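These numbers were taken from a predicted model, which means no experiment stands behind them. Note that these values count all heavy atoms, side chains included, but never hydrogens, waters or copies made by symmetry. Within every chain, numbering begins at 1; the chains are lettered A, B, ... in the order of the sequence lines, protein sequences first and strands thereafter.
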2 protein chains.
Amino acid sequence: MARHTYDYPRPCLTVDCVVFGLDETALQVLLIQRAIEPHAGCWALPGGFVEMGESLEAAARRELQEETSLDISYLEQLYTFGGVDRDPRDRVVTVAYYALVKRLDHVARASSDARQVGWFPVNDLPPLAFDHEVIMAAAHERLRGKVRYQPIGFELLPTKFTLRQLQHVYETILDRALDKRNFRKKILSMDLLIELDETEQGVAHRAARLYRFDRRKYERLSKRGFLFEI
Amino acid sequence: MARHTYDYPRPCLTVDCVVFGLDETALQVLLIQRAIEPHAGCWALPGGFVEMGESLEAAARRELQEETSLDISYLEQLYTFGGVDRDPRDRVVTVAYYALVKRLDHVARASSDARQVGWFPVNDLPPLAFDHEVIMAAAHERLRGKVRYQPIGFELLPTKFTLRQLQHVYETILDRALDKRNFRKKILSMDLLIELDETEQGVAHRAARLYRFDRRKYERLSKRGFLFEI
DNA sequence: CCAAAAGTGTTTCACGTACACCCATGC
DNA sequence: GCATGGGTGTACGTGAAACACTTTTGG
């Protein structure tokens, strides 16, 4: 194996990803079970080393591709964790990202290699390796804050969704009930949803209308100072 | 010199700091003039290598102490920049921080070593080394966003300040005029300012009352869900 | 026809915004 | 006494919040 030598010591640099998805009931996070020490058998955030020829975001995307077959609909840098004792073996600095995926699309949960992969409700997580509980808490906090003034709730839903589903996203993330009429009024008054000529299928009651988010229009308005807010 | 050898190549890890200060007229940023290549003679953000025994924030504080004799009243991690071609010599990943200092306190600008240090108005900066203009823009953007819903405006003022000065902080950062009566009503209604039995000195007109920010009270309220907002 | 969720309007109240004048002080 | 900024109150309109009933559909 090639060796790499430097005049001064260098920390190890990794990326870790907090992947949020939504099922019918709760906000969930993707974890992998570690195969090797330290913390072998423990659940941890997906992540790995940053390679020399790739940007940080590229490293995060590559790791997510390797661990799962999900397509990421939103990815943003969260924070960089650089405490001296994060890893008992070596000084490891990690750049954390958080991602949103449309889990309702593909119910299947595929894992490329032999490692155990699982979704866990954010409010009922197993113990995590390293300082990953701190990273998780930071990601959850950021999601709660960001969802209120950026249109990222849509990234957790299929392209076509009902207003009920959208309200459910907000209720789940903000962890409080919202008034149905006020929610619909508010979201529709922004005029960023396109009403489709379709309704949901296979429900045992009146079928709800489907909508999709008009991203183009949002981006245009956003440049002119429009602020999304729930 | 000791050599350090690893199985895989590692990027270099640095911190860079965007230090904001306010003078009577404008929002300013602290820059240093580079003594060595690349970009020798060019202005750049203060920063340097992260050492193995210190956290990222500790590295940022150390660099700021070395460059200037300012005491930092607010320091927060901004973003980590990890583009592959940031530095022509080597792969360098930098964790950027932004800091707020009470410049009105000490008018003196001291520099510990021989390097040239200077304050520049954010709206009229010289060309910067590396990708520091991108970092600057991100810091400025973050400051504008954060000042509206976190009580960080106070960090740019002396401990005792007048409402006029505080309004001026907000007008400078948000880059728009605020109505004097509404501003005073809003800020006083939060009941987070302690009215002192002192007035400003040496002005050629009626002297304004001095206030100070009640940080304890803010922290108490904050834990109970209170949201600061201008 | 019944269950279950979709869909819709109005009233109330708080708060943001716009706006003009008197007051205290130093020179 | 005058110039300069300090300090205050009110009216208006917008938007958030609270709240209940009718409609549609599948079984």
Side-chain angles (χ1 to χ4, degrees), chain A residues 24-25 104 147-149 151 153 157-158 160-172 174-212 221 225-230, chain B residues 22-25 104 147-149 151 153 157-158 160-172 174-212 221 225-230:
Chain A
E24 279 68 27
T25 61
L104 296 173
V147 81
R148 294 194 45 209
Y149 62 93
L157 290 176
K160 301 173 182 184
F161 52 84
T162 67
L163 293 181
R164 159 69 65 187
Q165 285 177 306
L166 187 60
Q167 182 178 344
H168 182 235
V169 169
Y170 283 94
E171 290 182 331
T172 303
L174 299 176
D175 198 28
R176 66 190 162 93
L178 301 175
D179 181 87
K180 181 167 61 154
R181 288 161 290 195
N182 292 337
F183 179 80
R184 296 168 79 95
K185 235 180 301 172
K186 177 100 181 223
I187 200 91
L188 290 175
S189 74
M190 285 190 256
D191 208 25
L192 286 172
L193 296 189
I194 297 172
E195 186 175 327
L196 302 175
D197 281 330
E198 290 178 72
T199 54
E200 60 182 340
Q201 300 296 318
V203 288
H205 52 79
R206 176 171 176 183
R209 182 169 294 273
L210 292 173
Y211 292 83
R212 68 181 183 79
L221 291 175
F226 168 81
L227 291 181
F228 180 93
E229 196 187 345
I230 284 293
Chain B
L22 206 67
D23 72 4
E24 278 70 27
T25 61
L104 296 172
V147 80
R148 296 195 44 209
Y149 61 96
L157 291 176
K160 302 172 181 182
F161 53 84
T162 67
L163 293 182
R164 159 69 68 186
Q165 285 177 306
L166 186 61
Q167 183 178 343
H168 182 234
V169 169
Y170 282 93
E171 290 182 329
T172 303
L174 299 176
D175 197 28
R176 66 189 162 93
L178 300 175
D179 181 89
K180 181 167 61 156
R181 287 159 290 192
N182 294 336
F183 178 81
R184 296 168 80 94
K185 234 181 301 173
K186 177 99 182 226
I187 200 90
L188 290 174
S189 74
M190 285 189 259
D191 208 26
L192 286 171
L193 296 190
I194 297 171
E195 186 175 327
L196 302 175
D197 282 330
E198 291 179 70
T199 55
E200 59 182 341
Q201 300 295 319
V203 287
H205 51 80
R206 176 174 174 183
R209 180 168 296 271
L210 292 173
Y211 292 82
R212 68 181 183 81
L221 290 175
F226 169 80
L227 291 181
F228 181 93
E229 196 188 345
I230 283 293

| Between A:Leu163 and A:Leu193, does a side-chain contact (heavy atoms from CB on, under 4.5 Å) hold up when you go through it step by step? | CA-CA 10 Å; A:Leu163 293 181; A:Leu193 296 189; 3.6 Å; yes

| request: Would you kindly give the CD-to-P distance between A:Gln165 and C:dG7, to the nearest whole Å? | output: 12 Å

| Which is it for B:Arg209 and B:Asp197 under the side-chain contact (heavy atoms from CB on, under 4.5 Å) test, yes or no, and what are the steps along the way? | CA-CA 8 Å; B:Arg209 180 168 296 271; B:Asp197 282 330; 4.2 Å; yes

| field | Spacing between B:His168 atom NE2 and D:dG6 atom P, to the nearest angstrom | value | 12 Å

| note | Considering only heavy side-chain atoms of B:Arg206, the closest of C:dA5, C:dC27, C:dC23 is C:dC23

| query | CD of B:Glu229 versus C1' of C:dA14: gap in Å, rounded? | reply | 14 Å

| request: Calculate the interatomic distance between A:Leu210 atom CG and C:dA6 atom P; express it in whole Å. | output: 12 Å

| query | Are side-chain heavy atoms of A:Phe226 and A:Leu192 found at a separation under 4.5 Å? | reply | yes

| request: Let me know the distance between CD of A:Glu200 and P of D:dT24, rounded to the nearest Å. | output: 16 Å

| request: Identify, residue by residue, the members of residues 181-196 of chain B with a heavy atom below 4.0 Å from DNA chain D, and return them in order of residue number, or none. | output: B:Arg181, B:Arg184, B:Lys185

| query | Which pair of non-hydrogen atoms, one from A:Arg212 and one from A:Phe161, has the smallest distance, and what is that distance? | reply | CA-CE2, 3.9 Å

| request: Kindly determine whether A:Arg164 and A:Lys180 satisfy side-chain contact (heavy atoms from CB on, under 4.5 Å), including the steps that lead there. | output: CA-CA 8 Å; A:Arg164 159 69 65 187; A:Lys180 181 167 61 154; 4.2 Å; yes

| query | What is the distance, rounded to the nearest whole Å, between atom CZ of B:Arg209 and atom P of C:dC23? | reply | 18 Å

| message | Between C1' on D:dT25 and NE2 on A:His205, what's the gap in Å once rounded to a whole number? | response | 9 Å

| query | Are any of A:Arg164's side-chain N or O atoms less than 4.0 Å away from OP1 or OP2 of C:dA6? | reply | yes

| message | Measure CZ/A:Arg176 against C1'/D:dA16 and give the value in whole Å, please. | response | 12 Å

| said: Using modelled atom types and a 3.5 Å cut-off, is there a donor and acceptor pairing between side-chain atoms of B:Glu171 and backbone atoms of B:Val169? | reply: no

| Pairwise 5' ranking along DNA chain D for A:Asp179 and A:Val203, keeping only the more 5' one | A:Asp179

| message | side-chain contact (heavy atoms from CB on, under 4.5 Å) for B:Phe228 and B:Leu221? Distances and angles first, verdict last. | response | CA-CA 9 Å; B:Phe228 181 93; B:Leu221 290 175; over 6 Å; no

